[in-house]
Amino acid sequence: MTNDIYGPFPGGPRAFGQTLLDALTDGQRARYEELGANLDVVERRIAAACAAAGRSRDEVTLIVVTKTYPAEDSALLAGLGVTDVAENRDQDAAPKAELCANLPLEWHFVGQLQTNKVRSVVRYANRVHSVDRLRLVGSLSAAVLKSERPELGCLVQVALDKEAGGGEGRAGVAPAEVAALADAIAAAPGLRLDGVMTVAPLAGPLAGDPAGAFERLAEISTAVRASHPAATMVSAGMSGDLEQAVAAGATHVRVGTAVLGVRSPLG
């Protein structure tokens with residue numbers, strides 16, 4: 001694969017590992033250095049947030065959200081030691097995952113998932129963060145069993161604004177519905193209940209209060225773990241509010257802009 005900015009795709013077997021830097025074009029090397037500098041800043045933020053919360057840095061996993069950015073960036077991130085990347089649209093994620101299949105990356109699907117995309121998503125995703133309805137649970141289970149792949153990790157997406165009667169049309173389930181959906185995931189063949197996920201709400205009493213939102217998610221996570229002790233994953237926090245998420249106990253933070261920058265994404 002070639003790219004107008006990058007040239008030859010840097011993710012091939014001979015270009016990865018110790019020989020990665022030698023194989024890069026000038027454009028790729030510049031992007032590699034840019035991503036590395038941004039990752040250093042994010043790493044310092046996470047480390048400082050962990051220290052302030054009295055937590056070990058090892059308790060928090062960085063997931064780099066690579067949506068709208070090319071597979072070349074995913075390959076360069078892998079070369080920089082990133083292990084987890086996230087996508088929100090299957091039509092973008094599937095070809096990226098195929099190009100990067102030889103790289104040591106875990107793929108997280110974080111977008112609203114339509115049932116007609118499930119068979120494609122289960123081919124590459126290690127985890128789906130956005131499980132928000134029973135029909136999707138059934139579709140994911142059937143697709144995993146048919147594909148004979150290993151278990152698929154699933155998180156219940158929680159819409160905190162729905163607790164106050166808002167959030168109509170938004171992805172995610174109301175907090176009162178989390179337990180039933182968690183039970184359904186845990187009981188579904190081929191699926192593994194890993195935990196809960198949220199995005200800081202834009203409406204309702206917790207709008208503009210990410211600390212309060214993530215504390216509420218922590219309460220919901222505790223309730224889920226009472227019935228499902230292995231569901232320890234708490235996916236919360238993005239570029240602008242990762243500190244509040246870490247303070248509230250997030251185990252995974254989903255960071256895009258702070259790593260990839262605000263340059264115009266490639267089409």
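Within a 6.0 Å radius of CG in Asn116, more than 12 heavy atoms belonging to other residues, nucleotides or ligands are found. Summarising the local packing, CZ of Arg119 is surrounded by 12 or fewer heavy atoms from other residues, nucleotides or ligands at distances under 6.0 Å. Summarising the local packing, CD of Glu98 is surrounded by 12 or fewer heavy atoms from other residues, nucleotides or ligands at distances under 6.0 Å. The neighbour count for Gln91 CD, taken as heavy atoms of other residues, nucleotides or ligands under 6.0 Å away, is above 12.
Between Ala236 and Leu217 the shortest heavy-atom distance is CB-CD2, 3.8 Å. Minimum heavy-atom separation, Gln244 to Pro210: NE2-CG, 3.8 Å. Contact detail for Ala143 and Val122: the closest heavy-atom pair is CB-CG2, 3.8 Å. Residues Cys100 and Ser74 come closest through the heavy atom pair SG-CB, 3.9 Å. When all heavy atoms of Arg55 and Val246 are compared, the closest pair comes out as NH1-O, 2.8 Å. Residues Gly237 and Asp241 come closest through the heavy atom pair CA-OD1, 3.3 Å.
Remark: the backbone N or O of Pro189 is paired with a side-chain donor or acceptor of Ser141 at under 3.5 angstrom. Using a distance-only test at 3.5 Å, with no hydrogens or angles considered, a donor-acceptor pair links the side chain of Arg57 to the main chain of Val60. Within the 3.5 Å criterion, the main-chain N or O of Tyr69 finds no donor-acceptor partner in the side chain of Thr66. Under the 3.5 Å distance criterion, the side-chain polar atoms of Ser130 are matched with a main-chain donor or acceptor of Gly111. Ser227 contributes no side-chain N or O that, together with a main-chain N or O of Val224, makes up a donor-acceptor pair within less than 3.5 Å. The backbone N or O of Ser235 lies less than 3.5 Å from a partner atom in the side chain of Arg254, making a donor-acceptor pair. Proximity of a side-chain donor or acceptor of Asn126 to a complementary backbone N or O of Trp107 within less than 3.5 Å is detected.
Linking ILVMFWY side-chain heavy atoms closer than 4.5 Å, directly or via other members, places Val199 and Val196 in two distinct hydrophobic clusters. Note: the hydrophobic cluster containing Leu77 also contains Leu62 (ILVMFWY, side chain heavy atoms under 4.5 Å, direct or indirect links). Under the 4.5 Å side-chain contact rule for hydrophobic residues, Leu193 and Val128 share a cluster. Using a 4.5 Å cut-off between side-chain heavy atoms of Ile, Leu, Val, Met, Phe, Trp and Tyr, with links allowed through other members, Val42 and Ile63 fall into different hydrophobic clusters. Hydrophobic cluster membership is shared by Leu181 and Phe109, with clusters built from Ile, Leu, Val, Met, Phe, Trp and Tyr side chains linked at under 4.5 angstrom.
Using a 4.5 Å cut-off on side-chain heavy atoms (C-beta onward), Pro104 and Thr83 make no contact. Using a 4.5 Å heavy-atom cutoff, the side chains of Asp90 and Tyr124 are in contact. Counting heavy atoms from C-beta outward, Arg89 and Thr68 have side chains that stay 4.5 Å or more apart. A heavy-atom distance below 4.5 Å is not found between the side chains of Gln112 and Gln157. In this structure, the side chains of Leu113 and Leu140 come closer than 4.5 Å at one or more pairs of heavy atoms. Side-chain atoms of Leu76 and Glu33, non-hydrogen and from C-beta on, never get closer than 4.5 Å to each other.
Interatomic distance, CG of Asp84 versus CD of Glu106, reported as 5.5 Å (0.5 Å rounding). Once rounded to the nearest 0.5 Å, the distance linking CD of Glu72 with CG of Leu99 reads 7.5 Å. For the atom pair Ser139 OG and Gln114 CD, the distance stands at 10.5 Å (nearest 0.5 Å). Here OG of Ser221 is found 12.0 Å from NE2 of His228. Values are rounded to the nearest 0.5 Å. Atom OG1 of Thr251 sits about 13.0 Å away from atom CG of Asp58, to the nearest 0.5 Å.
By the 4.0 Å N-to-carboxylate-O rule, Glu163 lies close enough to Arg216 to be salt-bridged with it.
None of Lys96, Lys67, Lys117 except one satisfies the salt bridge (charged side-chain N to carboxylate O under 4.0 Å, His left out) rule with Glu87; the exception is Lys96. Between Ile220 and the options Val178, Val156, Thr198, a side-chain contact (heavy atoms from CB on, under 4.5 Å) holds for only Val178. If you run side-chain contact (heavy atoms from CB on, under 4.5 Å) between Asp194 and each of Val131, Thr232, Val234, Leu155, only Leu155 comes through.
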For the pair Arg127 and Met233, evaluate side chain to side chain contact (heavy atoms under 4.5 Å, CB included) and give the outcome as yes or no after the intermediate values. CA-CA 11 Å; Arg127 287 192 174 97; Met233 187 169 167; 3.5 Å; yes
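Scanning for side chain to side chain donor-acceptor pair (under 3.5 Å) contacts around Thr115 gives an empty result, with sequence neighbours left out. With sequence neighbours excluded, the residues that form a ring-ring contact (aromatic ring centres under 6.0 Å, His included) with His108 are His129.
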